[in-house]
Amino acid sequence: MLHLPLERQLRQAVAAVLADADPALLRVRPCPDARFGDYQTNSLMGLARERKLNPRQLAADVVARLDVGEWSEPPEIAGAGFINFRLRPTAVARALQEALRGEHLFVQPAVTPRTVVVDFSSPNVAKPMHVGHIRSTILGDCLARTLRRLGHRVMTDNHLGDWGTQFGKLIVGWKRSLDAAALAQDAVGEMERLYQTVHAACETDAALLESARQELVRLQGGDAENLAIWRQMIDLSQHQFDTIYARLGVRFDHTLGESFYNPRLKTVVQELASRGIARESEGAMVVFFEDVPELKAHPAIIQKSDGAANYATTDLATLAYRLETWRPDEIVYVTDGRQQLHFKQIFAAFRRWQPQAHLQLAHVWFGSILGEDGKPFKTRSGGTVKLADLLDEAQERARRVVTEKAPALPEAERQEIARIVGLGAIKYSDLLPNRQSDYVFNWDKMLALSGNTAPYLQYAYTRIRSIFRKLPDSAPEAVHWLAQAQAQCPLAAAEELRLAKHLLNFGLVLEAVAQEYRPNYLCTYLYELAGHFTGFYETCPVLKAGEPERSSRLALCDLTARVLQDGLAVLGIETSERM
RNA sequence: GCGCCCGUAGCUCAGUCGGAUAGAGCAUCUGCCUUCUAAGCAGAGGGUCCCGCGUUCGAGUCGCGGCGGGCGCGCCA
């Protein structure tokens, strides 16, 4: 967080040299290589180019006016016009003391908190949650947690697929071949069976297909019996969703499914039609985007030729409802990449509909989950992999490892560790790759307990906690270091200083995650933090060190544990005291 | 046909928006447990960043053209 005063001073210095330079373009970032220093700015080279100035001369002029001695050694000009800063250890120590006093944990809360709606997960009623839902659920939850951690107001909303043509077939199945015992045993499995049975039969049975259509029409028309069946299907499904979300630790502020917006659909269509945004084409109501080159060939249908609305209509109604009700600054949609065109259409249609709205819209998309063969991930028999089974297997595999590595721990504790490690492994392996990459699902890699994985980070945390368990009750609290550190610089060892400096960048990384919707930045940061900690752990004895090193190192351990725990919590991953 | 994304070490992938000598994990090889948890650490080898042209002080990153792969493209969501 010491890049902040450096950046502030840089802006002042540049303003003194070039009064009209845009301060927003002036940034101080961590150096890519510690040999150059701790922080750098490369902004002056861009500035020099715009104005046809000599970049090194500009850097020299700026450095001459740069007052950063409180935090940094004298800045150095390097290369084509970089300015490098090397933090003074006393400034690092000061930031650590603030954190020990509880003033911050290396995160600066947002100066202007925003209201952000995060739309994610969105499973379908009457279907089991499967691997296809995992990325949206984990990514969306992590982004919500990141934004909250930075001090923003966040509303999570689960836009359930609880309406649509599939309910015609489901109701036919429910009425004709429902197995009550199976429903009591595994409601979602039974509903899935009903749908698949009827769907397959409709291929050859035209009369059955017609029945399904009629049941759908009755449902849409408000038929009491069909509505009751439909509501029961939602309740049974919601129970399944709640079970999974509880296991994953995912929480929604709202669960407003597609059906919630049914009463608003007609109005949306009428309004778009009357405003000339949508027009009739081949019997359907269609929004054309002649002015958007990318969408010129891709108009959006908002009402089918049979008069029914579709998902574009629902999404527009949803968007408008959220805007009216919650007044957000931003809405984030977390879905897979195949819906890119759809969201471009929705956003473009919305801009034309409500051009005055100050609302940021983000489609945060992610790649597919593939099997080892590079094709969409399936079970050996070719079915979809159910999320509950996936979580079970992760925990079971983790349990075997825990039992092998820590046989002395009581059974109940090993179970709990296996839960934390197994779920952590799944989440971390999902958040670690760039979200836009296709994700190759691999049990061994996911649950590998070495390398850049959740267990490695969780293990680093337990090693720290283990030190504190060994602390005699009479030992001074870590905060006692405060008094000692006033007079002397305790961060003498290179490993200590490196670890301490890395702690400072926690907030910077969280901001990057929120800015680009990329949790993998946080994964990388935490992995580096754990790496710096183990480097420190190997070379710097803590409990056996004399004072003041001992207190200083205890403080460093305490802060590292807190950042690790907090960072993992932002990823939605728990920590354990022992492993 | 058009659009979006991808192509980086043997394998799986990062690369913070154009910055400095391109990084990590796995795998391979060499060391390190009488010492706060070895689920660990230290070190080594390994590269035509798909190809070509361009933009500029500087390109894995931007533009154009190819090659290869994935996905999408009016009444499913």
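The shown structure was predicted, so the numbers you read here are calculated from the model rather than taken from an experiment. The basis for the numbers below is simple: all heavy atoms, side chains too, and nothing from hydrogens, waters or symmetry mates. Chain letters run A, B, ... following the sequence lines, proteins first and then strands; every chain starts at 1.
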Would you mind classifying the nucleic acid contact of A:Arg27 as base, sugar-phosphate or nothing, using non-hydrogen atoms under 4.0 angstrom?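 The answer is sugar-phosphate, as A:Arg27 gets under 4.0 Å only of primed atoms, P, OP1 or OP2.
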Sugar-phosphate, base or nothing in reach of A:Asn84, heavy atoms under 4.0 Å: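 Base contact - A:Asn84 has a heavy atom under 4.0 Å of at least one base atom.
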Can you tell me if [X] touches the phosphate of [N], counting only side-chain N or O atoms and a distance under 4.0 Å to OP1 or OP2?
| X | N | answer |
| --- | --- | --- |
| A:Thr524 | B:rA14 | no |
| A:Asn452 | B:rC13 | no |
| A:Lys344 | B:rG3 | no |
| A:Asn520 | B:rG15 | yes |

Let me have a per-nucleotide readout for nucleotides 68-77 of chain B, 5' to 3', with B, S or -, counting only protein heavy atoms under 4.0 Å. --SSSSBBSB
Considering only the C1' atoms, how many Å lie between B:rC33 and B:rU37, rounded to the nearest integer?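 Those two atoms are separated by 11 Å.
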Whole-angstrom distance between B:rA27 and B:rU35, as gauged at atom C1':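 Comparing C1' positions in B:rA27 and B:rU35 gives a spacing of 31 Å.
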Aromatic-base stack, A:Tyr456 on B:rA39, cutoff 5.5 Å, angle under 30: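 Here the ring of A:Tyr456 and the base of B:rA39 are not stacked, as the 5.5 Å and 30° limits are not both satisfied.
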Would A:Tyr527 count as stacking on B:rA24 if stacking means ring centres less than 5.5 angstrom apart and planes tilted under 30 degrees?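 No; centroid distance or tilt outside limits.
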Is there a donor on the side chain of A:Arg49 or the base of B:rG58 sitting less than 3.5 Å from an acceptor on the other?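 Such a pair exists between side chain and base.
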For B:rC4, the Watson-Crick or wobble counterpart (both distances under 3.5 Å):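 For B:rC4, the partner nucleotide comes out as B:rG70, under the 3.5 Å rule.
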By the ring pair (Phe, Tyr, Trp, His ring centres under 6.0 Å) test, which pairs, at least two apart or in different chains, include something from residues 286-312 of chain A?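 For residues 286-312 of chain A, and leaving out neighbouring residues, the ring pair (Phe, Tyr, Trp, His ring centres under 6.0 Å) pairs sorted by first residue read A:Tyr311-A:His342.
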